[in-house]
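Below, chains carry the letters A, B, ... as their sequence lines are ordered, and counting in each starts from 1. Because the structure is a prediction, the values reported are computed rather than measured.
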Amino acid sequence: MSSDTAPSNKPVKTTDLHIGAAEPGCKKRDPILVADGVTRTFGGLKAVDVEHVEIPRGAITALIGPNGAGKTTLFNLLTGFDKPDSGSWTFEGRSLSGMPAFQVARMGQVRTFQLTKALGLLTVMDNMLLGAKGQTGENLFRAVLPFLWRKEESANEARAIDILTRFKLDTKKDDYAASLSGGQRKLLEMARALMSEPTLVMLDEPMAGVNPALTQSLLDHILNLKTQGMTVLFVEHDMHMVRHIADWVIVMAEGRIVAEGDPHEVMRNPAVIDAYLGQHHDEDLGADPTAEAENVVAIKELLE
Amino acid sequence: MIDWGAIFSNAAVELISPTTAAYALAALGLAVHFGYTGLLNFGQAGFMALGAYGYAISILSFGFPVWAAVVVGIAASVIFALILGIPTLRLRADYLAIVTIAAAEIVRLLFTTNTFQPLTGSANGLSGYKGGFAALNPIPEGSYGFGPFQYNAYDWWLRLVAWTIVVLACLFTWQIMRSPWGRVIKGIREDEDAVRALGKNVYFYKMQSLVLGGVYGTIAGMIFVLPRAVVPSNYQTSLTFFIYAILLLGGAATILGPVIGSMIFWVLLSFFSGFIARAVEAGWLPFMSSIQAGQLRFILVGVAIMLIVIFRPQGIFGNKKELAFVK
Ligand SMILES: Nc1ncnc2c1ncn2[C@@H]1O[C@H](COP(=O)(O)OP(=O)(O)O)[C@@H](O)[C@H]1O
Ligand SMILES: [Mg+2]
């Protein structure tokens with residue numbers, strides 16, 4: 001299934017993830033996250049209404065959909081940052097419903113935020129170290145006795161330098177995170193999440209606001225996560241990027257999952273085109289390459 | 001003419017006075033809350049009142065020894081912190097501010113009301129609880145010192161204990177803030193959701209911070225009443241604001257800031273009140289009564305603090321670099 005080759009310009013896609021037809025809520029061969037009947041309303045608005053969804057393990061899944069589709073709200077629910085009106089979900093077979101966010105993170109399901117949350121007045125290194133799990137010195141009484149945690153701290157620092165070097169942030173390690181550019185902060189947030197050695201990484205719009213010069217390296221980092229055995233679920237608007245790196249695509253509109261499938265197949269699904277264009281098309285646009293290209297352009301323009 | 005020598009020596013005395021130490025410790029508590037964790041505690045006066053009353057009532061009404069009276073005061077403030085924190089620390093930061101300011105006033109009014117007069121002395125407060133502390137004094141009777149710093153054995157004992165506590169609290173705070181615990185605490189100040197997403201129990205850390213800074217305030221309240229009596233009107237909200245002024249003067253997320261801030265605050269206050277009182281006597285301020293002059297010193301201290309904050313907005317010990325990124 002998953003491949004160990006390093007990502008190049010042509011990423012190795014993980015295929016054969018689902019069982020049966022590629023339809024909303026379809027079964028996966030090896031799901032890491034399974035959600036059932038998850039709903040969340042804000043006032044009269046049903047922001048999330050997901051009957052059933054499974055996220056495949058060891059693959060990169062893109063969650064797409066127009067603005068306001070409920071992608072961020074679904075992220076918040078699945079990670080314990082918001083409480084659903086109803087529904088339940090399991091991560092690696094264990095129920096997560098009602099679990100507070102910090103416990104979800106400890107179980108290995110770590111997220112980033114659409115609006116980057118770099119801890120501005122902490123150094124880049126401190127941001128990284130905060131990501132490490134199970135630190136002895138994070139207990140108030142042991143904090144007073146540095147000999148109890150100094151070794152652990154240096155080991156974490158070494159690991160942080162390692163990750164920072166991969167993200168080309170190692171030269172900034174002593175700078176305040178607030179002094180980084182927007183794209184660098186996105187990188188830092190992702191690098192920090194990796195410090196906790198997660199099994200499922202959930203990235204909410206990792207490319208948003210990132211300088212185009214940095215996007216390729218961000219993409220490579222996401223592909224690298226898969227190579228290292230992690231599962232990735234990410235929200236993204238740019239269809240080119242989704243096509244380039246995603247193994248599976250889940251499409252949301254008005255709170256529901258309207259389509260699922262392989263990134264190339266899913267674009268031809270009339271439900272997806274409806275979701276973005278808000279109107280019905282009789283013919284399958286994807287069958288005609290020029291029409292499909294126009295559609296992508298139309299979708300992109302809509303999203304700009 | 002004006003006796004400048006007396007003005008300066010009276011001001012210098014404030015450098016090591018127990019009151020200065022008490023304010024420094026209370027401000028260090030606020031540094032833990034506000035400067036490091038980002039908690040808006042506007043009820044530090046309430047924590048100080050619990051220390052003062054907890055100590056005095058334990059001794060006067062229950063005949064407790066000094067150590068037990070100290071434990072009672074600390075226990076009261078831990079319970080107070082839990083009562084304040086449990087409902088509010090899950091909510092947005094401003095809820096804690098509202099609840100603490102109200103709770104501190106409730107505490108003060110409970111100590112002021114006649115209902116508990118036998119215990120609290122209501123508006124008159126309490127006195128006569130210093131015997132136990134004085135009895136622990138190892139310094140032989142007599143007067144010691146140099147220049148303006150000339151005290152009897154009790155006054156030296158009091159200063160010694162007060163400043164030892166301040167130094168220990170500074171060392172303790174310095175150590176925990178440079179540990180992984182302090183890193184989590186500072187992370188919470190920057191963005192608590194980000195820290196939560198990294199698997200830290202933010203609520204529990206905020207509670208620890210609230211309790212710790214509150215205990216500093218409580219011990220400060222005990223130090224504060226050892227050179228004077230317990231009077232409920234001392235614990236008004238303005239006390240909290242003076243302590244915030246000291247904190248911002250010294251630098252909010254610093255260890256030495258609260259100490260130096262408290263020294264500057266009290267030295268300036270003493271200097272201006274000495275100067276104004278003598279200037280009125282000398283007829284320099286003919287348009288002013290001596291009561292008006294008494295108010296003027298707070299105005300002058302306010303102006304002095306404003307000037308310092310304008311020209312050094314990060315506080316005396318604050319890091320200038322941080323200021324470049326303040327939101
Ligand atoms: N805290 C909130 N209060 C009220 N409405 C909200 C809140 N969060 C999200 N919404 C609404 O829920 C819908 C889904 O939002 P969101 O999940 O942010 O969409 P997406 O991330 O897909 O762009 C939107 O209509 C949004 O306005
Ligand atoms: Mg969103």
Contact check, side chains of A:R106 and B:K200, non-hydrogen atoms, under 4.5 Å: no
Backbone N/O of A:A143 and side chain of B:Q175: donor-acceptor pair under 3.5 Å: yes
Atom group of A:N156 that falls short of 4.5 Å from chain B, counting heavy atoms: neither
Separation between CZ of A:F113 and CG of B:D193, rounded to the nearest 0.5 Å: 5.0 Å
Closest non-hydrogen atom pair between B:A197 and A:A105, with its separation: O-CB, 3.3 Å
Spacing of A:L140 atom CG and B:F172 atom CZ [to the nearest 0.5 Å]: 5.0 Å
Within 6.0 angstrom of A:F234 CZ, more than 12 heavy atoms from elsewhere: yes
Between CZ on residue B:R183 and OG1 on residue A:T123, distance to nearest 0.5 Å: 8.5 Å
Atom CD1 of B:I98 with >12 non-hydrogen neighbours under 6.0 angstrom: yes
Contacting region of A:Q109 [heavy-atom separation from chain B under 4.5 Å]: neither
Approximate separation, where rounding is to 0.5 Å, of B:I176 CD1 and A:N139 CG: 11.5 Å
Region of B:V202 in contact with chain A, defined by heavy-atom distances below 4.5 Å: neither
Contacting region of A:A118 [heavy-atom separation from chain B under 4.5 Å]: neither
A:R142 side chain reached by B:W181 side chain, heavy atoms, under 4.5 Å: no
Within 6.0 angstrom of B:F311 CZ, more than 12 heavy atoms from elsewhere: no
Interatomic spacing from CD in B:E190 to OH in A:Y176 - rounded to 0.5 Å: 9.0 Å
Proximity breakdown for A:Q135 and chain B, heavy-atom pairs closer than 4.5 Å: side chain
More than 12 heavy atoms of other groups within 6.0 Å of A:K172 NZ: no
Within-4.5 Å side-chain heavy-atom neighbours: B:L198 and A:R192: yes
A:L121 and B:R189, any side-chain heavy atoms less than 4.5 Å apart: yes
Per-residue contact mode, B:Y203 against chain A (heavy atom under 4.5 angstrom): neither
